[in-house]
Amino acid sequence: MIWTVLKIVLFLAVVAGLTLGAEALMSSDAGLRIAFANVEFTLGPIQMALAALLLLGALWLLLKLSGLLVATLRFINGDETAISRYFQRSRRKRGFDALTEGFIALASDDGDKALSKARSAEKLLENRTLTNLLIAQSAQAKGDTALAEDYFKRLLDEDRARFVGVRGLMQQQIEAGNPETARKLAETALTLRPGHGQTQDTLMALQNKAGDWSGARRTLLDTSRSGRLPKPVYKRRDAVLTLQQAQAEAKAGRESVAQDLAIEAAKHSPELVPAAVMAAEALTARGKKRAAAKVIRRAWKAQPHPELARAFAGIEADETAAERVRRFDSLLSLVEGDEARQTRAELLIAAEDFPAARRAIGDLHERLPSQRVMTIMAAIERGEGSPDTVVRGWLARALTAPRGPQWVCENCQHVHASWHALCDNCTSFDTLSWKSPPDSTGPSATGTEMLPLIVGALPAAAPQVAEPEVEIDLHAPEPPEPAAAKPEAEEAETIEPEATPEPAGAPAAPPADAPTAEAEPAPTAPKPIDLEQTRRAGL
């Protein structure tokens, strides 16, 4: 409020002063007389004031024009002036606008526009680092590998961009299918920036693919030292790489080195089944059977596996079947599960104790059917003296049963016959686990589910197998009704898959009043089964 009053008072004072000054000049008789070339000018006080203002304005304008003239001459001479700075600012602004639009186009996967804007920015900007990078990445996105490689190489000449150039060339070599050159470039990139995580992962993947397991272990150690891997993860992956190195040494014939590496791998990761198996075999070969058994027990606690049982059996290769059953009790009692029950049943079958084997397998054939379980049941039936049709029935079910647990990749669900550090399908590292693969096949399109009906019957056959109204061959004469129903096993025996069609000139079918249930079968071969007709009949 006070400041507003002071401004008003000051304004009024200035107006009053100007008014008084103008009045004093107008009342004064003084003047200015100018004579020039016989011409005389007389100026009054007001006219003198106006002339003085005009003179000052003309003088200011003259100074500005002379300054502009000097700047123009310097601009033409190439010196830095206000005019050159103006054009430089305009040029730089247009260059950064083109650079910004180029990076936005690159992020939008528009390689053509990104490359065009990068070319414009290269002409307008003096800083070549950003323009070279944009042109290299734009050419890479567009698929122009030659141009991208040229500009990535230009980045090598600058210290702050050398790492980016090396990584760009490395990616170019990976896409071109030159893993050896890419691996060397990755090693060079890590010397420039040792703690770069993505480059470490790329290098280790290239080393794994090339089978350079010792180099992959060094890279893994550097990754762990950079703090990117927890200690348990590092120990697990190092054990996997050590095991792969042991297998490579064994394949090369260096058994002693392979054994040392296998023992080291089992020590770092006791739950790694292949490492435990190889370490137990190495310890057994060196005469350390108790240490080998300890390694197997420790791995069995983590995950029961048939390979562990095989390695445990190999510790005492010369023992009898009964001695092996007693020795395995200490192992199988650690984890009572499906694997332990199947292993115990197999040991009892080898010892010819088939009733105990049946008790050991229990209801696995109903609760968790697999090829292995069905084969065990067939062996039990054979050992107990069951008819061949019953044995063949179990074997037929084994053909259509799931395979059970296998080495399955957690990433792509690809099934492997044996363990390996890298998935054969997606090349992911340490993703194989022992489990049952997902079963989405459904019924067989070729009618394989009919095989148990053809080969033989189980003790409790399905109702559709014994349906009397099913006609096997529509063209054959219908036999008369038997006096008594045949047992299921005997009926299954009449449809042996080995039967051949009647040859030409074979004797005719027996008369209708011939005995059917008690009489000996005719010497003619049984008729073959028409699978199409059987399917149409509802089986």
Side-chain angles (χ1 to χ4, degrees), residues 177-184 186-187 201-221 223 234-289 291-296 298-300 302-303 305-315 317 405-412 414-434:
N178 301 322
E180 187 64 26
T181 306
R183 184 155 59 99
K184 293 179 181 178
E187 294 173 353
D201 295 341
T202 303
L203 176 59
M204 195 170 76
L206 292 171
Q207 289 169 333
N208 289 338
K209 189 175 181 180
D212 184 10
W213 308 114
S214 58
R217 292 185 66 188
R218 289 192 300 269
T219 305
L220 184 67
L221 180 60
T223 305
Y234 163 72
K235 293 179 67 176
R236 163 75 182 192
R237 294 184 178 179
D238 184 64
V240 170
L241 294 173
T242 305
L243 176 60
Q244 285 289 173
Q245 187 179 0
Q247 293 177 350
E249 294 290 344
K251 187 178 295 184
R254 294 183 285 271
E255 291 294 337
S256 179
V257 178
Q259 291 175 357
D260 293 337
L261 290 171
I263 295 171
E264 180 183 356
K267 181 179 179 181
H268 290 171
S269 183
E271 71 280 359
L272 186 58
V273 171
V277 171
M278 193 170 182
E281 293 174 349
L283 291 171
T284 302
R286 295 181 177 183
K288 300 179 180 180
K289 296 183 178 181
K294 183 178 179 181
V295 170
I296 294 297
R298 189 166 50 179
W300 186 273
Q303 183 182 34
H305 194 278
E307 287 295 317
L308 294 174
R310 181 188 61 78
F312 193 74
I315 296 176
Q406 300 173 77
W407 289 113
V408 182
C409 176
E410 296 283 359
N411 188 34
C412 64
H414 183 70
V415 179
H416 298 72
S418 60
W419 179 91
H420 199 268
L422 300 178
C423 174
D424 295 338
N425 185 46
C426 63
T427 66
S428 54
F429 176 74
D430 191 25
T431 56
L432 268 64
S433 61
W434 183 255

Side chain to side chain, [X] and [Y], heavy atoms closer than 4.5 Å:
X	Y	result
His416	Val408	no
Gln247	Trp419	yes
Val295	Pro270	no
Gln259	Glu281	no
Asp201	Phe429	no
Met204	Thr223	no
Arg183	Asp212	yes
Leu221	Tyr234	yes

Closest contact, heavy atoms only, [X] versus [Y]:
X	Y	result
Leu243	Ala275	CD2-N, 3.5 Å
Ala279	Ile263	CB-CA, 4.0 Å
Gln303	Leu308	O-CD1, 3.4 Å
Cys426	Asn411	SG-ND2, 3.4 Å
Ser256	Arg286	O-NH2, 3.5 Å
Ala276	Ile296	O-CD1, 4.0 Å

To the nearest 0.5 Å, what is the distance between [atom1] ([X]) and [atom2] ([Y])?
X	Y	atom1	atom2	answer
Asp424	Ser418	CG	OG	8.0 Å
Lys289	Ile315	NZ	CD1	9.0 Å
Asp430	Cys423	CG	SG	11.5 Å
Leu272	Arg236	CG	CZ	5.0 Å
Thr181	Leu206	OG1	CG	10.5 Å

Checklist line | Any residue meeting ring-ring contact (aromatic ring centres under 6.0 Å, His included) with His268, in chain and number order, not counting sequence neighbours | finding: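 So His268 forms no ring-ring contact (aromatic ring centres under 6.0 Å, His included) with any residue.
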
Name all residues meeting the side-chain contact (heavy atoms from CB on, under 4.5 Å) criterion together with [X]; count only those two or more places apart in sequence or in a different chain, and write none if there are none.
X	answer
Thr427	none
Ala246	Leu261, Ala262, Met278
Ala291	Leu283, Lys288

Notebook entry, point to check: With Arg217, which residues qualify under salt bridge (charged side-chain N to carboxylate O under 4.0 Å, His left out), at least two apart?
Noted result: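 Salt bridge (charged side-chain N to carboxylate O under 4.0 Å, His left out) check on Arg217 returns Asp238, Glu264.
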
Next item on the list: For the pair Glu307 and Arg310, find out whether any cationic side-chain nitrogen is under 4.0 Å from an anionic carboxylate oxygen.
Entry: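 Salt bridge: yes.
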
Note to self: Between the side chains of Arg254 and Asp260, is the shortest nitrogen-to-carboxylate-oxygen separation below 4.0 Å, so that they form an ion pair?
What the structure shows: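 Looking at Asp260 and Arg254, the cut-off is not met.
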
Next item on the list: Return yes if some donor-acceptor pair links the side-chain N/O of Glu249 with the main-chain N/O of Val257 below 3.5 Å, else return no.
Entry: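 Absent.
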
Notebook entry, point to check: If you look only at pairs with a residue in residues 202-211, which of them pass as a side-chain hydrogen bond (donor to acceptor under 3.5 Å, both in side chains), with sequence neighbours excluded?
Noted result: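 Of all non-adjacent pairs touching residues 202-211, those that pass side-chain hydrogen bond (donor to acceptor under 3.5 Å, both in side chains) are Gln207-Thr219.
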
